[in-house]
Amino acid sequence: MIEDPGWTAFSPETLANRCLEAVKDLHADPALDRSVTALFTDDETVRALNAEWRGKDKPTNVLSFPAEPMPGLPEEAQPLGDLALALEMCTREASEKGISFHDHAAHLLVHGLLHLLGYDHIEDGEAETMESLERTILRHMGIADPYGDLPD
């Protein structure tokens, strides 16, 4: 869903599908065949979602919302979840990092998809695992390591 028209310049649907395929290529999880909804929106909408669902009244780059099981649907028909990306935050961060908007948005989509699969980065060990997966998937997509020159 493209809520902020500024996203259209970056072909977000194509980018989201490319990221999903890359995650599928390197992470054999049948959950990846389930539906994922991505909302390409602005900082204000993501700020409101962040405040409502996480109690943090500030914008962030990407939010992940794993789906709750829907009664009556077989496991394979259950949705995986939803993502929301903030255009201004993504633009600012890409500029600050000196990388392309496209590469940064791809990283955020991959990051969000991994959250939907249950990965997290709260604990150091979890963060190392998740970041390693992100680097591997992004490298598969031809995108440089978003964390710098870290070993795999």
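Given the structure is predicted, the values throughout are model-derived calculations rather than measurements. One is the number of the first residue; the rest follow in order along the sequence.
- His107 places a side-chain heavy atom less than 4.5 Å from the side chain of Tyr147.
- Distance check, rounded to the nearest 0.5 Å: OG1 of Thr136 to NE2 of His27 gives 11.0 Å.
- Within the 3.5 Å criterion, the main-chain N or O of Glu128 finds no donor-acceptor partner in the side chain of Ser132.
- For the pair Lys56/Thr60, no side-chain contact is recorded, criterion being any heavy-atom separation below 4.5 Å from C-beta on.
- Between the side chain of Arg135 and the backbone N or O of Met130, no donor-acceptor pair lies under 3.5 Å.
- With no hydrogens or angles considered, no side-chain donor-acceptor pair links Glu126 and His121 at under 3.5 Å.
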* May I have the step-by-step check of side-chain contact (heavy atoms from CB on, under 4.5 Å) for Ile143 and Ile99, ending in yes or no? => CA-CA 10 Å; Ile143 296 173; Ile99 60 174; over 6 Å; no
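- Nearest heavy-atom pair across Pro59 and Met89 is O-CE, 3.5 Å.
- Between Pro69 and Pro71, the shortest heavy-atom contact is O-CD, 3.6 Å.
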* To do: Before giving the answer on side-chain contact (heavy atoms from CB on, under 4.5 Å), spell out for Leu138 and Asp145 the whole-Å C-alpha distance, their side-chain angles and the decisive distance to 0.1 Å.
  => CA-CA 7 Å; Leu138 292 168; Asp145 181 350; over 6 Å; no
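- The backbone N or O of Asp103 lies less than 3.5 Å from a partner atom in the side chain of Ser100, making a donor-acceptor pair.
- Under a 4.0 Å N-O distance rule, the pair Arg92/Asp43 qualifies as a salt bridge.
- The pair Arg47-Asp42 does not meet the salt-bridge criterion, since no charged nitrogen lies less than 4.0 angstrom from a carboxylate oxygen.
- In this structure the side chain of Leu108 reaches within 4.5 angstrom of the side chain of Cys90, judged on heavy atoms.
- Of the inter-residue distances, the one linking Asn50 atom CG with Lys58 atom NZ reads 7.5 Å to the nearest 0.5 angstrom.
- In this structure, the side chains of Asp82 and Val36 stay at 4.5 Å or more apart for every pair of heavy atoms.
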* Asked: Taking it one step at a time, do Thr8 and Phe40 satisfy side-chain contact (heavy atoms from CB on, under 4.5 Å)?
  -> CA-CA 9 Å; Thr8 58; Phe40 296 93; over 6 Å; no
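- Residues Leu63 and Trp53 are not in side-chain contact: their nearest non-hydrogen atoms beyond the backbone lie 4.5 Å or more apart.
- Contact check for Leu133 versus Leu114: side-chain heavy atoms found under the 4.5 Å cut-off.
- Within a 6.0 Å radius of CD in Glu52, more than 12 heavy atoms belonging to other residues, nucleotides or ligands are found.
- Closest non-hydrogen pair, Ile137 versus Leu26, comes out as CA-CD1, 3.6 Å.
- When side chains are defined from C-beta on, Leu20 counts as touching Leu113, because their heavy atoms get closer than 4.5 Å.
- The distance from atom OG of Ser95 to atom NE2 of His104, rounded to the nearest 0.5 Å, is 10.5 Å.
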* Take Phe65 and Leu83 through the test side-chain contact (heavy atoms from CB on, under 4.5 Å) and record every step on the way to the result. => CA-CA 6 Å; Phe65 300 99; Leu83 302 174; over 6 Å; no
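- The minimum heavy-atom distance between Thr37 and Met1, with the atom names listed, is CG2-SD, 3.9 Å.
- To the nearest 0.5 Å, atoms CD (Glu21) and CE (Met141) are separated by 10.5 Å.
- Closest approach of Ser64 and Leu116 over heavy atoms only: CB-CD2, 4.1 Å.
- The two residues Lys24 and Leu32 make their nearest non-hydrogen contact at CE-O, 3.0 Å.
- Cluster annotation: Ile2 and Val62 are assigned to the same hydrophobic cluster (Ile/Leu/Val/Met/Phe/Trp/Tyr, side-chain heavy-atom contacts under 4.5 Å, transitive).
- Atom-to-atom distance recorded for Glu3:CD and Thr41:OG1 is 3.5 Å, nearest 0.5 angstrom.
- Inter-residue side-chain proximity for His115 and Pro66 is flagged as unmet; no heavy-atom pair is nearer than 4.5 Å.
- Between the CD atom in Glu88 and the CG atom in Asn61 there is a gap of 12.5 Å [rounded to 0.5 Å].
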